[in-house]
Structure formats: C-alpha cells, structure tokens
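Presented below is the structure to which this report refers.
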Amino acid sequence: ERAVASVQQVVTAIGYGHGPFDADLRADGERCVVLEMTPRLGGNAVPLLVEHAFGVPLIELALREAMGEGIPEADLPSPSLSEALTAVLLRSDRSGQVDSIAPVARIESGIEGLVDFCINLTAGDTVTRFAHGGHVFGYGILVTDRIGGFLRQSSRIMDALELTLH
C-alpha cells in the first residue's frame, strides 16, 4: 500500500496521465521512497515475467497505447497469479571471450520449471563481468517458491549454461 501511494504521489505531481512506466522504490521501516521513475516498461524480463505470472501482456498493451488505439478498461485482463515465478538474468562473474556454451536445447531440457528462455551469446562473443543490466546476455523465467527457490533456480540455470571463458 505504501509503494502504491508513493508512486501515485509522483505520478500526480508530474502529471503523468497514461502509458507504461517503471519505478524503482526503496522501503525502509515506515517510509517508501520512489528512487526513479521512467516512462517505459521495466527491463530485465519484467514484462515477460508479469505476462507469464499474471496473464497481463504488458508489451502488447504498451504497443497498442503507443499506436493510439487506446485500451478500454473492459479490454484489460484481470491479473491473477498462475504460479510463483522468477526471472533470472544470465550474467558472468568475470570478463572474457566465450570459448563454449551449452546448446540451447540442452539448457532448456535440463531446467525443471523453465517457462521462457532467451540467450544472446555464442562462442567467440565477449562478455563483461556483471556490474549492471548492460552486462546481461539473456534471461530465464522459472517456476519457483520463496527466496530459497529463487537462489536454487538461479544457480541451476547458470550452471546449465556450462559457460567457459578465456
């Protein structure tokens, strides 16, 4: 409730009327502060995570809005959580040139609960040690349970890449 109220306060203050936006917040005790807000869909597979988890096609809705089609409220899907999901960003803990990476089919078949997978990396590519979103080379969306499940799934998908660098 505090997060929604904080975002609503910023939206009202800047006069943002419609369209997608991404907000980063920090909650600390009783306070919830909007750190930044941008007029775009969130990155790092967030729109796909929302679509898979809640059945709300954010990318389609944003494109329809941008094309001036307008979206009657009656056409908006009612979000309902189908299952707990997490997005794992594919990244490396060191920089280098890719010697090898597992075939996509083997990665996809070897990860239980994998809902969506995208990798933009092949042998010969250069990767940079992960420090921010610009160093991500793909994502996996997986069924999970609480935080322990996220950590297990994150390790499983990163191990399945069998990524070797030099």
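Side-chain contact between C118 and N120 is present, with at least one heavy-atom pair separated by less than 4.5 Å. Between I141 and T86, the closest side-chain pair of non-hydrogen atoms is not below 4.5 Å. With contacts defined as side-chain heavy-atom distances shorter than 4.5 Å, the pair V98/L121 qualifies. Looking at heavy atoms from C-beta onward, I157 lies in side-chain contact with F117 at the 4.5 angstrom threshold. Residues Y139 and N44 are not in side-chain contact: their nearest non-hydrogen atoms beyond the backbone lie 4.5 Å or more apart. By the 4.5 Å heavy-atom criterion applied to side chains, P20 and P39 are not counted as neighbours. The shortest side-chain heavy-atom distance between V127 and H135 does not fall under the 4.5 Å cut-off.
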*Applying side chain to side chain contact (heavy atoms under 4.5 Å, CB included), run through F130 and D93 and close with a yes or a no.*
CA-CA 6 Å; F130 179 75; D93 59 359; over 6 Å; no

_Could you walk me through whether D116 and L49 satisfy the side chain to side chain contact (heavy atoms under 4.5 Å, CB included) test, starting with their C-alpha distance in whole Å, then the side-chain angles of each, then the deciding distance to 0.1 Å, before giving a yes or no?_
CA-CA 9 Å; D116 196 355; L49 180 65; over 6 Å; no

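Atom CG of D159 is separated from atom CG of L161 by 8.5 Å, given to the nearest 0.5 angstrom. Of the inter-residue distances, the one linking I111 atom CD1 with R156 atom CZ reads 5.5 Å to the nearest 0.5 angstrom. Rounding to the nearest 0.5 Å gives a distance of 11.5 Å between CD of Q9 and CD1 of I14. Taking CG from L163 and OG from S92, the interatomic distance works out to 5.5 Å, rounded to the nearest 0.5 Å. To the nearest 0.5 Å, the span separating CG on D125 from CD1 on I101 amounts to 9.0 Å. Atom CG of L90 is separated from atom CE of M158 by 6.0 Å, given to the nearest 0.5 angstrom.
Of the possible polar contacts, none joining the Q97 side chain to the T126 backbone as a donor-acceptor pair under 3.5 Å is found.
Annotation for R40: atom CZ counts as buried by contact number, over 12 foreign heavy atoms lying within 6.0 Å.
For the residue pair E112 and Q153, the shortest heavy atom distance occurs at O-NE2, 3.4 Å. Shown here for A62 and L41, the closest heavy-atom pair between the two residues is CB-CD1, 4.1 Å. Smallest separation of non-hydrogen atoms from P79 and P77: CD-O, 3.3 Å. Closest heavy-atom contact between L114 and G140: CD1-CA, 4.3 Å.
For residues 47-61, the pairs satisfying salt bridge (Lys or Arg N to Asp or Glu O under 4.0 Å) are E60-R64, with sequence neighbours left out.
With sequence neighbours excluded, the residues that form a salt bridge (Lys or Arg N to Asp or Glu O under 4.0 Å) with E162 are R106.
Residues L25 and V50 are members of separate hydrophobic clusters, defined by side-chain heavy-atom contacts under 4.5 angstrom among Ile, Leu, Val, Met, Phe, Trp and Tyr. Placement of I71 and F54 within a single hydrophobic cluster is found when ILVMFWY residues are connected by side-chain heavy-atom separations under 4.5 Å, directly or transitively. V4 and M37 fall into different hydrophobic clusters, where Ile, Leu, Val, Met, Phe, Trp and Tyr residues are linked whenever their side-chain heavy atoms come under 4.5 Å apart, directly or through other members. Linking Ile, Leu, Val, Met, Phe, Trp and Tyr residues whenever their side-chain heavy atoms come within less than 4.5 Å leaves I59 and F21 in two separate clusters. V7 and L58 are assigned to two separate hydrophobic clusters, defined by single-linkage of ILVMFWY side chains at heavy-atom distances under 4.5 Å.
In summary, the side chains of S95 and T128 do not present any donor paired with an acceptor at a separation below 3.5 Å, with no hydrogens or angles considered.
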